[in-house]
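A short worksheet on the structure shown next.
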Protein chains: 2
Amino acid sequence: MKRKLTLKLIAKELGVSISTVSKALRDSPEISEETREKIKAYAKLYNYKPNNIALSLKNRRTNTIGVIIPQIVHHFFTTVISGIEQEARDRNYNVIICLSNNGFDKEVENMELLANGSTDGFILSISKETMLKEDYHHLNEVIEQGMPVVMFDRVVEGISCDRVLIDDKAGAKKGVSHMIRTGCRKIGIITSEDYISVGRLRTEGYLDALDDYGIAANDNLILKLDNIDDLTEESKKRIEDFVTKNDLDGIFTVNEFFAVHATRVLTKLGKRIPEDVSIVCFTDGQLSENMIPSLTAVSQHGEEMGRKAASILIEKLEREDSETAPYDTAYIDTSLVERESTRKLNR
Amino acid sequence: MKRKLTLKLIAKELGVSISTVSKALRDSPEISEETREKIKAYAKLYNYKPNNIALSLKNRRTNTIGVIIPQIVHHFFTTVISGIEQEARDRNYNVIICLSNNGFDKEVENMELLANGSTDGFILSISKETMLKEDYHHLNEVIEQGMPVVMFDRVVEGISCDRVLIDDKAGAKKGVSHMIRTGCRKIGIITSEDYISVGRLRTEGYLDALDDYGIAANDNLILKLDNIDDLTEESKKRIEDFVTKNDLDGIFTVNEFFAVHATRVLTKLGKRIPEDVSIVCFTDGQLSENMIPSLTAVSQHGEEMGRKAASILIEKLEREDSETAPYDTAYIDTSLVERESTRKLNR
DNA sequence: AAGTATAACTTAATCGATTTAGTTCGTTAG
DNA sequence: CTAACGAACTAAATCGATTAAGTTATACTT
């Protein structure tokens, strides 16, 4: 194994001091033209690259953003990461991604790990278990240490940090309104329990839309499930029940999975989509696009969210007075992608 | 901002030397019981955690694995990452993920970045552009520096590294054989041009299966498309044509997208699945599972692949004689996940 | 000729940890 | 009474870089 080239080795080889080498490579005028050229030539020839670890230690900054998300096998999160990556790259930052697997302990562990020198700040979406426990000491600790934090999508109140949110309420309202305008009157929603913030907000948007059009809300048409990230057998059964029992003409769901399963149940019941029942879901992912029929969806623009989150974090990292800067919440607009699962609007 | 606690600060606070603190925390018998307890109590009280950067510099190892993949918004890759994460966590390693976006320059840039002290080794799936360019100097450089590399899924020959591969040929054969055994006789394949290795291998598996059952291959039943990672308009048209013109009773595809589009075309043609036409695809992802009808798929076991890759890399990192150890190629078995798009086997 | 700039380097401190090689001081052997 | 030893520490080197604070030798000023 060829040992990596260091300033020390170059210095020894060329018979100068380490600081001369360092200065020469940084184009310091302190070093003579001749020596500078010689050192630079040597460094180039042997492909010298400074050791990042040493630089981080010296500079007390890593130029690295830590990202902690509940899962990676998840279309929306990957789009957000993609956005974070783009922004980070443009602004010369690295990205480290860690997974909490929706668990509290792993989330804490990962944060502590990354906080011990590996990153300058965090972008995170909080795990389900953490939300349930309402224990945010790990967040407060890193913030206390002066590391800025940006939370996205799954956020909680009472933490001194910036936030980037999908306007879940407005998005849901957009989707439900579209159904109403295309003739739906008995619209059900398949959502999550209220402790999951995105579920709660989307439910509110649904209610808002009904209210706007003077349609009375009905608790029986609201199905709240435990798990928003996947489709458990339990959820399947409850969706089946819900769709079968209620003679709906529109179904709004907070994710793609619920919409897909509702479609399945409707198909089995012999209902036609969108002639008999319209379907709109939150999240414009692979399923919405490829299902037969394809699903009208509220697009979350994950990449934009990621870019925004990274941008806010880097801004904080690079300003001197970040300690005193106020925290704010940015909203990412949603848009409705019309597909085959809703009727066309007559204008 | 509360400055992070260091050995130096503890030493100053307790009026001892830095080395005493270090030794006390590492339970050295050199330090008296009394002092040790005092230091440990203080460290615990103020939640001392050693700085990883300093440790990495000192130990010249980071306990971090660098992962470079072409894209993150890709179900298969995320499952592999998930596997890498699990294995890494179990064995006390961290994971840094970087994206090449299927570009050569970004791949090189990322490798150089991570190689300068950030990671001890690499797990990567090579970008399409790199494969086309056939320029692997960045790989050879890090290997030269003594950093082990494990390539997975998209690999190339002639690099001194270990490899983890899906047995594409056997997987395809498994899928096609199942169709034959359940009664299909005129089976078409939608695959990629031969220069994409996974496509070529899967085509070979298809031909092998036909041969095994004494069914003559027919070039008209083989559709080779340009792009395997997504579904272009061009591809859609060709699939439509292919499915419409040939009166197939079985379709095998090398990815989910092709299968989904074939399903769409068949549905439009009024064909019933699986009664009239069976469908099997490579890759068991979200689409296969959720489509209506759900698709019988060849599962690649991405998590297992990730775990295996991480395991091989860590093994290399932890053995002294890794320089001389031989390189090998591990194959991850595929399995057939039977769903609604194929008929049941009569036994 | 003595004093002072300046160019071109080198030394040494620093980041935060570990570890090897000293240093004290008290106890005990001879 | 002193040399030797061990217990309990401390000093200093090290990892690889940066940089403030010296140090030379030479040129220039008055």
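A note on names: the letters A, B, ... follow the listed sequences, proteins ahead of strands, and every chain is numbered from 1.
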Atom pair distance, as rounded to whole Å: CD1 in B/I31 and C1' in D/dA7: 10 Å
Whole-Å distance separating the CG atom of A/N63 from the P atom of D/dT18: 14 Å
Remember a base hit wins even if backbone is also touched, and classify B/K8 as base, sugar-phosphate or nothing at under 4.0 Å, heavy atoms. sugar-phosphate
Can you tell me how far apart NZ (A/K44) and CD (A/E37) are? Round to the nearest 0.5 Å. 11.0 Å
Separation of B/K12 atom NZ from C/dT14 atom P, in whole Å? 12 Å
Please determine, for the side chain of B/A54, which listed nucleotide (C/dA17, C/dA21, C/dC15) has the closest atom? C/dA17
Between C/dA17, D/dT19, D/dC9, which nucleotide gets closest to the side-chain atoms of A/R26? D/dT19
Are B/K316 and B/D328 close enough for a salt bridge, meaning some N to O gap below 4.0 Å? no
Can you tell me how far P of D/dA8 sits from CD of B/E37, to the nearest Å? 14 Å
Salt bridge B/E34-B/K38, side-chain N to carboxylate O under 4.0 Å: no
Hey, is the side chain of A/S19 pairing donor to acceptor with the base of D/dT18 inside 3.5 Å? no
Let me know the distance between CG of B/L57 and P of C/dT18, rounded to the nearest Å. 12 Å
Within the structure, does a side-chain N or O atom of A/T6 lie under 4.0 Å from either OP1 or OP2 of D/dG16? no
B/K58 atom NZ is separated from D/dA13 atom C1', nearest whole Å, by 8 Å
Please work out if A/L55 contacts a base, only the sugar-phosphate, or nothing of the nucleic acid, heavy-atom cut-off 4.0 Å. sugar-phosphate
Closest to the B/K23 side chain: C/dT20, D/dG16, C/dT18? C/dT20
Would one find a side-chain N or O of A/Y48 under 4.0 angstrom from OP1 or OP2 of D/dA17? yes
For B/E30 and C/dT23, what is the distance between atoms CD and P respectively, to the nearest whole Å? 15 Å
Separation of C/dG16 atom C1' from B/I10 atom CD1, nearest Å, is 11 Å
Tell me whether the OP1 or OP2 atom of C/dT11 has a side-chain N or O from A/S17 closer than 4.0 Å. no
Upstream residue (5' side of DNA chain D) when A/L5 and B/V21 are each assigned their closest nucleotide: B/V21
Just to be sure I understand the rule, does A/I18 reach a base, reach only the sugar-phosphate, or reach nothing, if contact means heavy atoms closer than 4.0 Å? base
Ranking C/dT19, C/dC15, C/dC9 by distance to the side chain of B/S22, first place goes to C/dT19
Basic-acidic side-chain contact under 4.0 Å: B/E304, B/K308: no
Is any side-chain N of the basic residue among B/R307 and B/E303 closer than 4.0 Å to the acidic one's carboxylate O? yes
Quick note, B/S32 side chain, CB onward, closest among D/dA8, C/dG16, D/dA17 is D/dA8
Any carboxylate oxygen within less than 4.0 angstrom of a Lys/Arg side-chain nitrogen, looking at B/E85 and B/R89? yes
side-chain N/O B/S56 vs D/dC15 OP1/OP2, d < 4.0 Å: no
